[in-house]
Chemist: 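This structure is in structure tokens; I'll ask about it shortly.
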Amino acid sequence: MLKRNLVTGLALVSLVGVLSGCGTNQTTAKSASSTSAKTTKTQTKRQRLIKALPKGVKSTDSDLVVVNKWHKRSEMTFSKSSVDGIEVRSSIVKPLEAFLAGAKKAGYPATLVSGYRSVAYQKEVWNQSIQTYENQGKTAKEALKLTKEYVAVPSGSEHETGLAADIMNTHWYSTHGNQLLSSSDKNKGQQWLINHAADYGFVLRFTKDGKQSTGIDYESWHFRYVGKASAQFMTKHNLTLEQYVSLLQAKEKAAK
């Protein structure tokens, strides 16, 4: 009797193991199938975007230069001019002035807070941020981590291109201690800037869901000139500059 029960028990254990294995295999197969379908969908979308890219735009265009913590550059050389006392690349003076004039005409005067910054100046901003956090009682490690969230590393800052501009709704900026805060996007004037930037060739550089490719948290004030065609395409398809340039490079590679 004991032997029979033992045999029966072993048989049940074996059956459970087989069924369990089937379930695991089915789950694994289902997961693999889902991943494969997702990958195919992503690739299809990418190919569709590549075909729809603006004509005449190249990844090597000066307006599309990518500068971030993964693509650092030494001091760049280009002509500079001033807009409202702020230095920017000369080539964006007209569209930047038009952007600011458009905001004023719409009833939302805006302030150009920052434009071009040299690598040397960016080092000062970086060090000052760390020191400020340490003065608040943060450890050196904590201060560095917090600084990395919002301040670009020296040689990896968009402002070094002369194509970036920090722009704030004047009323909001002045009533919030002249601070650059993401919460400014709740203001109608800042919303106007974000929603109409592409009309003037600018994009909001650091979007809410773009940190993975940009390395920088959301900033509702940081605009980047890329040209009208590129700005409208990027805005329509919610692309970061890194993603957009990657598509252009893929198109150029395929054309060789």
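In what follows, every heavy atom counts, from backbone to side chain, and hydrogens, waters and symmetry copies are set aside.
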Chemist: Tell me the closest heavy-atom pair linking Trp126 and Val151, and the distance in Å.
Modeler: CZ3-O, 3.3 Å
Chemist: Assess whether side-chain hydrogen bond (donor to acceptor under 3.5 Å, both in side chains) is satisfied between Thr161 and Arg73, documenting all intermediate values.
Modeler: CA-CA 9 Å; Thr161 69; Arg73 298 180 69 99; over 6 Å; no
Chemist: Are Tyr116 and Lys80 side-chain neighbours, meaning at least one heavy-atom pair lies under 4.5 Å?
Modeler: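 Side-chain contact under 4.5 Å: yes.
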Chemist: Is any side-chain heavy atom of Tyr133 closer than 4.5 Å to a side-chain heavy atom of Glu142?
Modeler: no
Chemist: With side chains defined as the heavy atoms from C-beta onward, is the minimum distance between His71 and Asn68 less than 4.5 Å?
Modeler: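 Heavy-atom side-chain distance check passes, below 4.5 Å.
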Chemist: Evaluate the side-chain proximity of Val113 to Tyr173: yes if any heavy-atom separation is below 4.5 Å, no if none is.
Modeler: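 Tyr173 reaches Val113 side chain to side chain.
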Chemist: From Ser62 OG over to Phe78 CZ, what is the distance, rounded to the nearest 0.5 angstrom?
Modeler: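 Nearest 0.5 Å value for the OG-CZ distance: 10.5 Å.
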Chemist: Between Ala152 and Gln122, which heavy-atom pair has the shortest distance, and what is it?
Modeler: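 Minimum heavy-atom contact is O-NE2, 2.9 Å.
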Chemist: Quick one: list whatever passes side-chain contact (heavy atoms from CB on, under 4.5 Å) with Ile167, sequence neighbours left out.
Modeler: Leu96, Phe99, Leu100, Ala110, Leu112, Ala165, Leu193, Phe223
Chemist: Hey, does Ser230 have a side-chain heavy atom less than 4.5 Å from the side chain of Asp63?
Modeler: no
Chemist: Is there side-chain contact between Asp166 and Arg117, with at least one heavy-atom pair below 4.5 Å?
Modeler: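 Yes, side chains in contact.
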Chemist: Report the distance from atom CG of Asn178 to atom OG1 of Thr170, rounding to the nearest 0.5 Å.
Modeler: 10.0 Å
Chemist: Please check this pair: side chain of Ser90 against backbone of Ser79, looking for a donor-acceptor N/O pair closer than 3.5 Å.
Modeler: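 Here the side-chain-to-backbone pair exists.
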Chemist: What is the distance from atom OG of Ser184 to atom CD of Gln191, rounded to the nearest 0.5 Å?
Modeler: 9.5 Å
Chemist: Taking all heavy atoms of Gly189 and all of Asn169, pick out the closest pair and write down the distance.
Modeler: CA-ND2, 3.4 Å
Chemist: With under 30° as parallel and over 60° as perpendicular, where do the rings of Phe206 and His222 fit, or are they tilted in between?
Modeler: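 If you compare the ring of Phe206 with that of His222, the planes turn out tilted.
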Chemist: Is it the case that the side chain of Glu87 and the backbone of Ser82 share a donor-acceptor pair, with hydrogens and angles ignored and the cut-off at 3.5 Å?
Modeler: no
Chemist: Give a yes or no on whether Val65 and Phe202 share a hydrophobic cluster (residues Ile, Leu, Val, Met, Phe, Trp, Tyr; joining criterion: side-chain heavy atoms under 4.5 Å apart).
Modeler: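 Yes, it is one cluster - the side chains of Val65 and Phe202 are joined through contacts under 4.5 Å.
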Chemist: Honestly curious: do Leu53 and Val57 fall in one hydrophobic cluster under the side-chain, below-4.5 Å linking rule?
Modeler: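 Per the 4.5 Å side-chain linkage, Leu53 and Val57 are co-clustered.
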Chemist: What is the distance from atom OG of Ser155 to atom CE of Met76, rounded to the nearest 0.5 Å?
Modeler: 11.0 Å
Chemist: Can you establish whether the number of heavy atoms outside Glu97 located under 6.0 Å from its atom CD is more than 12?
Modeler: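 It does: Glu97 CD has more than 12 such atoms within range.
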Chemist: Heavy atoms only: give me the nearest Glu75-Ser118 pair and the separation to one decimal.
Modeler: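 In terms of heavy atoms, the two residues are closest at OE2-CA, 3.4 Å.
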Chemist: Are Thr214 and Thr240 linked by a side-chain donor-acceptor pair shorter than 3.5 Å?
Modeler: no
Chemist: According to the interplanar angle, ranging from 0 to 90°, do the rings of His196 and Trp192 count as parallel (below 30°), tilted (30 to 60°) or perpendicular (above 60°)?
Modeler: parallel
Chemist: Identify whether Leu49 and Val245 are in the same connected component of the hydrophobic contact network (ILVMFWY, side-chain heavy atoms under 4.5 Å).
Modeler: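 Yes, because Leu49 and Val245 connect within a single hydrophobic cluster, where side-chain heavy atoms sit under 4.5 Å apart.
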Chemist: What about Val83 and Trp221, same hydrophobic cluster or not, with Ile/Leu/Val/Met/Phe/Trp/Tyr joined at side-chain heavy-atom distances under 4.5 Å?
Modeler: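 Unlinked, Val83 and Trp221 end up in two clusters.
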Chemist: What is the minimum heavy-atom distance between Pro54 and Ala229, and which atoms define it?
Modeler: CG-O, 3.8 Å
Chemist: Can you tell me if OH on Tyr121 sees more than 12 non-hydrogen neighbours from other groups inside 6.0 Å?
Modeler: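 12 or below, so no.
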Chemist: Are the side chain of Thr235 and the backbone of Ala198 linked by a donor-acceptor contact shorter than 3.5 Å?
Modeler: no
Chemist: Do Gln47 and Ile50 make a side-chain contact, defined as non-hydrogen atoms from C-beta onward lying under 4.5 Å apart?
Modeler: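 Sidechains of Ile50 and Gln47: in contact.
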Chemist: Are Lys145 and Glu149 close enough for a salt bridge, meaning some N to O gap below 4.0 Å?
Modeler: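 Counted as a salt bridge, because a side-chain N and a carboxylate O are separated by less than 4.0 Å.
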Chemist: side-chain contact (heavy atoms from CB on, under 4.5 Å) for Asp61 and Leu248? Distances and angles first, verdict last.
Modeler: CA-CA 11 Å; Asp61 289 346; Leu248 288 170; over 6 Å; no
Chemist: For a side chain to side chain donor-acceptor pair (under 3.5 Å) with Ser59, tell me which candidate from Gln249, Lys251, Glu252 qualifies.
Modeler: Glu252
Chemist: Count the heavy atoms of every other residue, nucleotide or ligand shown that sit under 6.0 Å from CD of Gln212, and state whether that count exceeds 12.
Modeler: no
Chemist: Salt-bridge test for Lys211 and Glu219: reply yes if a basic N is under 4.0 Å from a carboxylate O, no otherwise.
Modeler: no
Chemist: Would you compute the distance between atom OG of Ser220 and atom CE of Met168 and round it to the nearest 0.5 angstrom?
Modeler: 5.5 Å
Chemist: Find the distance between NZ (Lys138) and OG1 (Thr147) and round it off to the nearest 0.5 Å.
Modeler: 11.0 Å
Chemist: State whether Glu158 and Arg224 are salt-bridged, where the test is any N-O pair (Lys NZ or Arg NE/NH1/NH2 against Asp/Glu carboxylate O) under 4.0 Å.
Modeler: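 Judged by the 4.0 Å cut-off on N to carboxylate O distance, Glu158 and Arg224 do form a salt bridge.
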Chemist: Looking only at heavy atoms, which two atoms of Val67 and Arg205 are closest? And how far apart?
Modeler: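 So the two residues come closest at O-NH2, 4.3 Å.
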Chemist: Do His176 and Asn187 come within less than 4.5 Å of each other through their side chains, counting heavy atoms only?
Modeler: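 A side-chain contact is absent here, since even the closest heavy-atom pair is not under 4.5 Å.
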Chemist: Counting distance only, does the side-chain N/O of Ser129 pair as donor-acceptor with the main-chain N or O of Val125 below 3.5 Å?
Modeler: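 No, the answer is negative, given that no donor and acceptor are paired below the 3.5 Å cut-off.
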Chemist: Test side-chain contact (heavy atoms from CB on, under 4.5 Å) on Ser246 and Arg46 and set out the steps.
Modeler: CA-CA 10 Å; Ser246 176; Arg46 181 176 172 82; 3.3 Å; yes
Chemist: Count I, L, V, M, F, W, Y as connected when their side-chain heavy atoms are under 4.5 Å apart, and connections chain through other members. Are Trp70 and Leu241 then in the same cluster?
Modeler: no
